[in-house]
Amino acid sequence: MKTVSTVVGYPYIGENREWKRSLESFWKDALSKEQFLAEMKEVRLNNLKRQQSLGLELLTVGDFTLYDRMLDHAVMFGLVPTRYKWSGDKVELETYYAMARGAEKVVACEMTKWFNTNYHYIVPEYEGQLLELTENHLLDYFNEAKEELGVVTKPTIIGPFTFLQLVKGYDAKSKAMFVLQLLPLYVKVLQQLVDAGAEWIQVEEPALTLSLNEEDVKLVKEIYTQLADDVPAAKIMLQTYFEALSAYEELSRLPVAGIGLDFVHGAEENMAAIRKYGFPKNCVLGIGTVNGRDIWRANLAEKAVNLQAVLSGCEVTEAWIQSSCSLQHAPVTTKQETALPHVLLDALSFADEKIVELTQLTAYVREGTWAGNKNVSESLRAIEALAQNEVRENTQVKELVAQIKARHFTRPVAFKERQELQQQALGLPVFPTTTIGSFPQSAEVKRTRSAWRKKEITDSTYAEFVKRETERWIQIQDEIGLDVLVHGEFERTDMVEYFGEKLTGFAFTQKAWVVSYGSRCVKPPIIYGDVEWTAPMTVKEVVDAQQLTKKYVKGMLTGPVTILNWSFVRDDISREQTANQIALALREEIDALEKAGIQIIQVDEPALREGLPLRKENWNEYLGWGVNAFKLATSGVANETQIHTHMCYCEFNDFIEPIRALDADVISIETSRSHGELIDSLKKNPYELGVGLGVYDIHSPRVPSVEEIEAILTDSLEVISKEQFWINPDCGLKTRQETETVASLKNMVAAAQNIRQGQTV
Ligand code: GLN
Ligand code: ZN
């Protein structure tokens, strides 16, 4: 049997985020177009050279982009919406970036999460236009690698079925027309690649792991039959990832030369399918064995056993030993980390290290032995050392977890009763107004925090500064006339990092960046040990603020599931267990806030929905423990203490049930971007707890008028009763300027007053 080591894709940002720097310099006109393209070429070739020097056998091109790969495909097929006034020839960079980011007079295309990852892609729009092949960047990259490095690479393209699923703008009727136009373009691209000498073409079809109906399966068959008929010479590696291949029995028989399966996510299902239906003999099997989405060193011995189990279940003549998905979801290399605890660092594996693991596993499969290879024992030792380390053996946490009982997950009395008690205790007006938590992080706030981090100013100077800024904003909120105030979150850069730095079990890297969207990179914290609360994290700031006003100041925390979903999480215990540890820590914090006299506490869960598994049938399991973690954190309070939560920027239509299950007294929820939609779904699913629909979008500096806010309020009264009605913006205000923030909130409060008057008459 022949074996080949390869990856589905490699991070394009470069070891020091060179890619991001070039891109942003170009946007600022600090680089000419030629300079920019030359720098991009350098990054692209360096990435290939790196992988080559790490010993990877089959290199991939087309995993690189100048902004986003879905956008590249949209542009390649001429899917440029008319608002960009594209003349129909080559799509210039100006148009490309206008689609990505908007320009003076045109809005950008929408952006959405790439399956269940934290990467966001640009959503192509079909407007019924004629499609055409405007370029073939895959061919360019293929030729470039051949000319510059002398290698025949494997170009990768997002497959027609997946592309189709992600494009918006067609309906059942126009879909056929769209497919009819799209496929010949795919044929052309593939043919050009074959003509240029491409031996293999990777066609990425992550959408084949979603729940597929009969019609989908039929369409997939038609697509691949047509590709096979029209470009018989193209050797397609049909690459799936993020879950098991759906409809395996039928789809494994597609006329393709290879099928790549994910043996990390969906491993059991893929295994079972191979056992049951076999794997086509003459087809190459891509075995996604090294996790492309985590940061942990692979247990090579275990991987080897799994590989053998897979291979013993089929009779293939060629297997690719590869990453479970593109490595773009992992940071580039651990080599840059100099400050992490050794026991952690040794157990990490980012993209480069994962490639080395793949080459080792390939050698093992090829030779059938680890002989002379120290790496297996090294990887075992590192994993074991971390497992045995005291960060993972926190007896206090273990005891706390063991003591959790069913009653820790529910408030003592039901919402209706709490509502009355809280009303008596708090005495808030009808239609209470509030904000989501953060106020503008001015240049001064950012400057001062960074000076403090660099130890240029002392802890006390920094604390003084935060206190003054809080004071100023308490006064502003009082003057505006808001009913429930916040301290403003001036001490926080990021809502997860802030808590991670104060809890045990977290580590922070220096350079473990991954792309979130466009040039924006994030550096998620690593949860590698048991999470424990050791001291109050937010009490001082909130209590300081409370002392300055007669109004209530809300405590402000990030919820357990959001902390989990926005971190790299240890894999030796279940996510549920880690979520519960975080929840217990937050429960202590909430207790401390309550003891300090804070009567309203908000626990944000903006990332609850995005953690949903790809397949609906797995939703309940996740939501079961996710919702429980939130309740574990929040249900220890007195009946009179009001628990708020907040969510934003996700699809709420199918999410009202889980929101209700949280049993939060009030949820403030982003609505303005999709106003009608949420109202509609509330009509269908009556919601009885407290709810504050966001009355304006916080992404724009535009100040909403009193009238328009009032109109939204009147509208919402149809579905939300006066007793449960709160008024707030869509989300936190940290990215806004002070003047527009004050003006918008003044209008919001005026609208609230008008509506109160209207109601009493
Ligand atoms: N409390 C946070 C803030 O206002 C919530 C942010 C969020 O929802 N992403 O900034
Ligand atoms: Zn939000």
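On a predicted model such as this, the values are computed, not experimentally measured, just so you know. Just so you know, ligand 1 is whichever comes first in the structure, and atom 1 is the first atom listed for that ligand.
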Applied to residues 732-749, the salt bridge (charged side-chain N to carboxylate O under 4.0 Å, His left out) test, sequence neighbours excluded, yields Arg472-Glu738, Arg736-Glu740
The complete set of salt bridge (charged side-chain N to carboxylate O under 4.0 Å, His left out) pairs with one or both residues in residues 577-591, sequence neighbours excluded, reads Asp591-Lys595
Shortest non-hydrogen pair, Trp19 vs Ser519, comes out as CZ3-CA, 3.9 Å
Aromatic contact, Tyr622 with Trp619 (centres under 6.0 Å) = no
Measure centre to centre between the rings of Phe431 and Trp726, then say whether the value is under 6.0 Å.
no
Within the 4.0 Å heavy-atom cut-off around ligand 1, the contacting residues, ordered by chain and number, are Ile436, Gly437, Ser438, Glu489, Met495, Met556, Asp604, Pro606, His646, Cys648, Cys731, Gly732
Side-chain donor-acceptor pair present, Glu610, Trp566, cut-off under 3.5 Å
yes
- Query: Do the rings of Trp27 and Tyr97 sit parallel, tilted or perpendicular, given the 30° and 60° boundaries?
  - Reply: perpendicular
Between Asp483 and the options Lys550, Arg756, Lys554, the salt bridge (charged side-chain N to carboxylate O under 4.0 Å, His left out) test singles out Arg756
At a cut-off of 2.8 Å, protein N/O/S around the Zn ion (ligand 2) gives His646 NE2, Cys648 SG, Cys731 SG
Discussion item. Strictly below 4.0 Å, N to O, side chains only: are Arg468 and Glu471 in salt-bridge contact?
Written reply: no
